[in-house]
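Here the structure is laid out as structure tokens; the discussion comes afterwards.
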Amino acid sequence: MSSDHVQSAEHSAAALASQGSAEAPFLELLARGASADAYEQPVLLARAEGRPAERIAALEKAKLLALRVRSDMEGRRRREAELSALFETAHDLAGLRDLDAVLRAIVQRARSLLGTDVAYLSLNDPVRGDTYMRVTEGSVAARFQQLRLGMGEGLGGLVAQTARPYVTDDYFADDRFQHTRTIDAGVRDEGLVAILGVPLTLGHHVIGVLFAADRRARVFEREQIALLGSFAALAAAAIDTANLLTETRAALTELERANEIIQDRSGVIERASDVHDRLAELVLRGGVHDVAAAVAEVLDGTVEFTDAAAAPAEALETSRAEGHAVRNGDDWIAAVAAGGELLGALVLHGHPGLDPVDQRTLERAAMVTSLLLLARRSAAEAEQRVRGELLDDLLDARDRDPRLLRERAARLHADLDATHAVLAARLDSTAADADQEAAARRRLWSAASHLAATRRGLAAARDGGTVLLLPLEAGDTATDLARRTARQLGGAVHEPVTVGASAPVRDLAAHPDTVTAAYEEGRRCLDALRLLGRAGDGAAAEDFGFLGLLLAGDRDIAGFVERTIGQVVAYDERRGTDLVRTLDAYFACGMSPARTKDDLHVHVNTVAQRLERVGRLLGDDWQSPGRALEIQLALRLHRLSAPVRR
């Protein structure tokens with residue numbers, strides 16, 4: 001019964017309970033999920049109150065009905081749990097990577113659902129002609145965990161021999177199977193009494209036994225035997241899948257013997273040799289599509305390389321499993337794989353008749369294609385590492401020879417003499433575990449490396465994130481670059497990426513120390529963005545107003561003054577006016593024009609005219625609290641940085 005049905009039953013029970021019928025108290029017990037013992041209480045209470053016999057009989061009848069309903073509900077819940085466990089186990093099997101892990105999960109779930117003290121699984125050894133323990137759960141005795149049972153010995157040996165499930169309520173009192181001193185000693189060490197065993201079968205062959213056992217007398221129900229049998233079927237499927245994977249690896253090894261077919265077909269040796277030479281040359285100088293074109297010419301057909309998702313799934317899987325090209329209608333499919341990874345397929349179109357030599361040619365072409373794809377991937381990864389190493393050296397100032405730095409950068413198509421910005425990038429999502437977090441960081445580093453390669457820059461993994469050194473284009477600012485990079489990286493990894501940028505840096509080959517300082521500045525901007533709740537955004541120190549002075553590595557005071565009041569200073573210099581001095585006095589007098597005119601010894605209209613001019617130069621919002629604070633700080637820094645007049 002689903003949770004929605006259970007809730008509906010509970011609501012109906014509560015409604016009927018309010019009507020005072022004989023069923024009402026039991027429906028209320030059903031609604032709140034009371035224990036079985038609680039169902040005696042309404043009958044006992046009625047008897048204690050001296051209720052009529054008809055009432056007590058009605059309550060007895062309602063009690064029995066309610067207990068049946070409760071049992072049915074409990075059974076449905078139990079079956080839901082069992083189906084869920086079987087589904088999870090099937091899911092584990094579908095993604096099989098480690099056979100032992102799947103078998104352990106099966107044994108653990110069987111023990112949990114059957115509520116037994118111990119569960120274990122044994123496998124047959126065809127070489128020694130017996131069966132041995134493979135996985136145990138809940139076992140505490142070492143001798144029991146190392147048992148080997150001959151065929152027909154013990155309950156497990158009987159199951160393995162007859163391919164039928166067996167159950168015993170009391171192992172030592174059961175004489176249906178052969179007791180041996182070794183097996184009985186192991187069972188006694190473990191303290192087992194009740195044991196259920198079901199066979200693991202592949203076709204008509206028994207390959208092992210799955211057990212559930214208790215350390216006390218117990219009767220296993222038919223449903224429990226069927227459930228353990230379902231787990232046994234999944235365990236057998238897992239073992240069969242692992243065997244198929246082993247056979248697949250062996251089949252892939254057969255590709256190395258491609259020349260054996262050529263030896264059997266002397267009439268096509270010359271053509272096969274030509275194919276071999278051309279494929280070997282393509283390994284060194286060609287690409288994936290060059291291989292397809294060469295094979296198409298040799299086989300006199302149309303050959304194309306396609307992604308795994310675009311190829312016929314069943315034929316592709318068969319080719320991968322068998323290690324050979326397979327026919328699919330009028331086409332032939334050859335899987336392009338490396339180890340356990342499926343990289344794509346070579347498809348020969350409209351060529352239903354293919355002799356063994358041509359088939360092997362297509363298969364060898366698929367092998368060459370996989371080598372080319374792996375080589376391309378390795379080259380890309382190597383370039384990413386080299387870019388990261390150069391940036392690491394700049395950050396750590398390990399190589400101070402400008403000539404060598406320029407040469408290393410030139411090989412990567414980077415120009416250290418151009419104006420750059422250093423950007424610190426970090427993911428803002430929280431991973432569920434360490435493995436997922438590491439995978440997310442690798443994706444970010446890969447995306448950053450690709451971006452750096454396309455922008456003639458550098459990238460490296462550092463401090464739990466990624467650092468990039470990117471050139472600034474004409475008319476570009478550090479802020480523009482930071483925001484654009486945050487968008488590009490976020491889109492590539494499908495997660496928010498926050499980016500902090502340094503101020504522009506120059507002459508990196510001659511002054512590699514500036515890279516380290518710029519990176520620290522970028523990190524401070526990154527931290528500031530995250531503290532301000534601007535995750536997934538990009539910014540530079542110039543975006544934070546006077547706070548940028550605290551974030552900037554070189555404390556760009558002149559730049560801050562220029563950005564804040566530069567137009568007023570320049571106006572005074574050009575026209576010989578006193579706007580800067582007027583601003584100073586205005587703020588010193590609490591922004592009061594009346595007191596300002598007394599301090600400057602001018603008419604109040606003069607003060608008003610000067611302030612109006614300031615407004616036109618700085619913007620209408622120059623007296624807002626935030627702008628006023630920055631202007632006052634810029635005025636003070638301007639005054640402190642001005643030369644002392646003697």
Considering residues at least two apart in sequence or located in another chain, which fulfil the ring pair (Phe, Tyr, Trp, His ring centres under 6.0 Å) criterion with F211? Y120
With sequence neighbours excluded, give me every side-chain hydrogen bond (donor to acceptor under 3.5 Å, both in side chains) pair touching residues 99-108. D100-R134
Polar side chain donor-acceptor pair, N124 to T131, under 3.5 angstrom: yes
E314: what forms a side-chain hydrogen bond (donor to acceptor under 3.5 Å, both in side chains) with it, not counting sequence neighbours? none
A439 meets the side-chain contact (heavy atoms from CB on, under 4.5 Å) criterion, sequence neighbours left out, with R442, R443
State which residues pass side-chain hydrogen bond (donor to acceptor under 3.5 Å, both in side chains) with T136; sequence neighbours excluded, sorted by chain then number. none
Residue pairs, two or more places apart or on separate chains, that pass salt bridge (charged side-chain N to carboxylate O under 4.0 Å, His left out) and touch residues 152-168: none
Apply side-chain contact (heavy atoms from CB on, under 4.5 Å) to I333 and list each qualifying residue two or more places apart in sequence or on a separate chain. P312, A315, L316, V326, N328, A345, V347
Counterpart residues, side-chain hydrogen bond (donor to acceptor under 3.5 Å, both in side chains), relative to R441 (two or more places apart): E437
Residue pairs meeting salt bridge (charged side-chain N to carboxylate O under 4.0 Å, His left out), one or both in residues 180-189, sequence neighbours left out, come to R143-D189
Residues two or more places apart in sequence or in another chain: which of them pass side-chain hydrogen bond (donor to acceptor under 3.5 Å, both in side chains) with R327? none
List in chain and number order the residues that pass side-chain contact (heavy atoms from CB on, under 4.5 Å) with T201, two or more places apart in sequence or in another chain; answer none if no residue qualifies. P199, V206
Note: R111-D117 ion pair, threshold 4.0 Å (strictly below): no
Applying side-chain contact (heavy atoms from CB on, under 4.5 Å), can you list everything that pairs with A110, at least two apart in sequence or on another chain? L228, F231
